[in-house]
*Asks:* 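Please read through the structure below; I'll follow up with questions.
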There are 2 protein chains.
Amino acid sequence: MEAEQPDRSARDRVLDAAIRIVGESGAGRLTLEAVAEAAGISKGGLLYHFRSKEALLLGLLERHLAGFRERYTAELERRGGGQNARVQAYIQSVLAGDTLGLDHDGSLSLLAAVANDPALLVEVRRQVQDFYQEIGLTHPEPLRATRLMLAAEGLMLMDIFGISVLEPAQRQKLHEELLAEAGVLGGE
Amino acid sequence: MEAEQPDRSARDRVLDAAIRIVGESGAGRLTLEAVAEAAGISKGGLLYHFRSKEALLLGLLERHLAGFRERYTAELERRGGGQNARVQAYIQSVLAGDTLGLDHDGSLSLLAAVANDPALLVEVRRQVQDFYQEIGLTHPEPLRATRLMLAAEGLMLMDIFGISVLEPAQRQKLHEELLAEAGVLGGE
DNA sequence: GGTATAGTACCGTCCGGACGGTACAGGAGC
DNA sequence: GCTCCTGTACCGTCCGGACGGTACTATACC
């Protein structure tokens, strides 16, 4: 979170600020002025980096998607490939990072986009669908695989809305169970 | 407190209009004027029924929560009670109604609320947590039960964002599998 | 029966402020 | 002196909400 590198570029700092606002005050309070202030620059400076609010929203979405793909690819490589590894990598990527943290980066990006203009989600839709197509539906046990992936998604949803349905230890156990079960699906 | 008989429909028509706007144009375009127009009344008339935007949002949330509790209670009664029946009733209530429809009534209410002011979700949080507490955590197999519930939640999430990860037939099958598996959990 | 009073349901207008976006004038560093 | 970046000033629009008014109904008192 801290700026150790002199260039956690201005763009990224702006996106971070935007995420912070959405999480704390709601997507409806995501105004250019508020983002600029939270990022420590002026409105003019913000508009230099993102020419419009829509561009800012798209930036948010793009960073989220890129980050997710990156996490997924890394996880998959770590697990050596295979149908079950894909399911595991997906689950791990959805639930990645914080067990209790507040960044939910990607989900808040989605929230911001859908609140301002649902049409922005076209690309997200396409990519998520691709993931499910590639991982779930080509799996020897498509429904079981999909179910595990969706459970991870549900857990993440609860995080977005700030609902802790499980205590941290239980949550961690559920997380591990999902991964474990994905590892022993039939077909491998 | 809650004694309204003469104009039950006007309030509901306003709420319906609000949901329509959120679904079609995004929560960010949910303005009092737009709602009034969509509901076929004037802005003044709208403000007679809901004294502020916050009141409108709360109305949306309240109707959703009441509807969910009602569905859940009915489903539970139909299944005769018991730990597994509770899990089934919950899953059924989450995925209730349309398989492909566009109303996602409740979820859009949540979306509208979280976009305008996350603080409104306090009550929702409390109720959802109660459900998980009552159904999942007191179940003999808490993690398995929770997992099935979360999978239903994930599937619903995909609906909100308009992502069809499964074809209707497959989706239906997954829905039934979740219910079936909830029925044969240990402890009964 | 007639009139006064109160309540319900709604309408149309107005305003202060916030919003997205534009224009432009710098300034640092190459 | 050009590019990259920043800050200030401003514009037109839209929003939430307040307000005053209207039409109709219901009860109340005489």
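For clarity, every value in this text was computed on a predicted model and none was experimentally measured. Numbers restart at 1 for each chain; the letters A, B, ... are given by sequence-line order, proteins then strands.
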*Asks:* Between A:Tyr90 and A:Phe131, what is the ring plane arrangement, given parallel below 30°, perpendicular above 60°, and tilted in between?
*Replies:*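 A:Tyr90 vs A:Phe131 ring planes: tilted.
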
*Asks:* Write down the distance between CZ (A:Phe50) and P (D:dT6), rounded to a whole number of angstrom.
*Replies:* 12 Å

*Asks:* Figure out the CG/P separation between B:Leu46 and C:dG12, and round it to whole Å.
*Replies:*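 Rounded to whole Å, this separation is 14 Å.
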
*Asks:* Could you tell me which non-hydrogen atom of B:Ala27 sits nearest to which non-hydrogen atom of B:Asn116, and how far apart they are?
*Replies:*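 Answer, listing the atom of B:Ala27 first, then B:Asn116: O-ND2, 4.2 Å.
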
*Asks:* Give, for atom CG of B:Leu15 and atom CG of B:Leu60, the distance between the pair rounded to the nearest 0.5 Å.
*Replies:* 5.0 Å

*Asks:* What integer distance in Å separates A:Ile41:CD1 from D:dC4:P?
*Replies:*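 Answer to the nearest Å: 17 Å.
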
*Asks:* Tell me whether the OP1 or OP2 atom of C:dC10 has a side-chain N or O from B:Tyr48 closer than 4.0 Å.
*Replies:* no

*Asks:* Could you say whether B:Lys53 or B:Gly44 is positioned toward the 5' end of DNA chain D, judged by the nucleotide with the nearest heavy atom to each?
*Replies:*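 Between the two, 5'-proximity favours B:Lys53.
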
*Asks:* Over how many whole Å does the gap from B:Arg29 atom CZ to C:dG20 atom C1' extend?
*Replies:*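 From B:Arg29 CZ to C:dG20 C1': 12 Å.
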
*Asks:* Whole angstroms only, please: what is the CG-P distance between A:Leu32 and D:dA9?
*Replies:*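 That distance rounds to 19 Å.
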
*Asks:* Separation of A:Lys43 atom NZ from C:dA18 atom C1', in whole Å?
*Replies:* 9 Å

*Asks:* For the pair A:Tyr72 and A:Phe68, name the ring-plane relationship: parallel under 30°, tilted 30 to 60°, perpendicular over 60°.
*Replies:* parallel

*Asks:* Return whichever of B:Glu33 or A:Thr31 has its heavy-atom-nearest nucleotide of DNA chain C closer to the 5' end.
*Replies:*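 Taking each residue's closest nucleotide, the earlier one in sequence belongs to B:Glu33.
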
*Asks:* Quick one: B:Arg51 CZ to D:dC19 P, roughly how many Å, whole number?
*Replies:*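 B:Arg51 atom CZ is separated from D:dC19 atom P by 13 Å.
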
*Asks:* For A:Leu30, report the nucleic acid contact type (base, sugar-phosphate, nothing); a contact means any heavy atom under 4.0 Å.
*Replies:* sugar-phosphate

*Asks:* Taking only N and O in the side chain of B:His49, is any of them less than 4.0 Å away from OP1 or OP2 of C:dC10?
*Replies:*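 For C:dC10, OP1/OP2 do have a side-chain N/O of B:His49 under 4.0 Å.
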
*Asks:* Base, sugar-phosphate alone, or nothing: which one does B:Leu47 contact when heavy atoms must sit under 4.0 Å apart?
*Replies:*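 Base: the residue B:Leu47, judged by heavy atoms under 4.0 Å, touches a nucleobase.
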
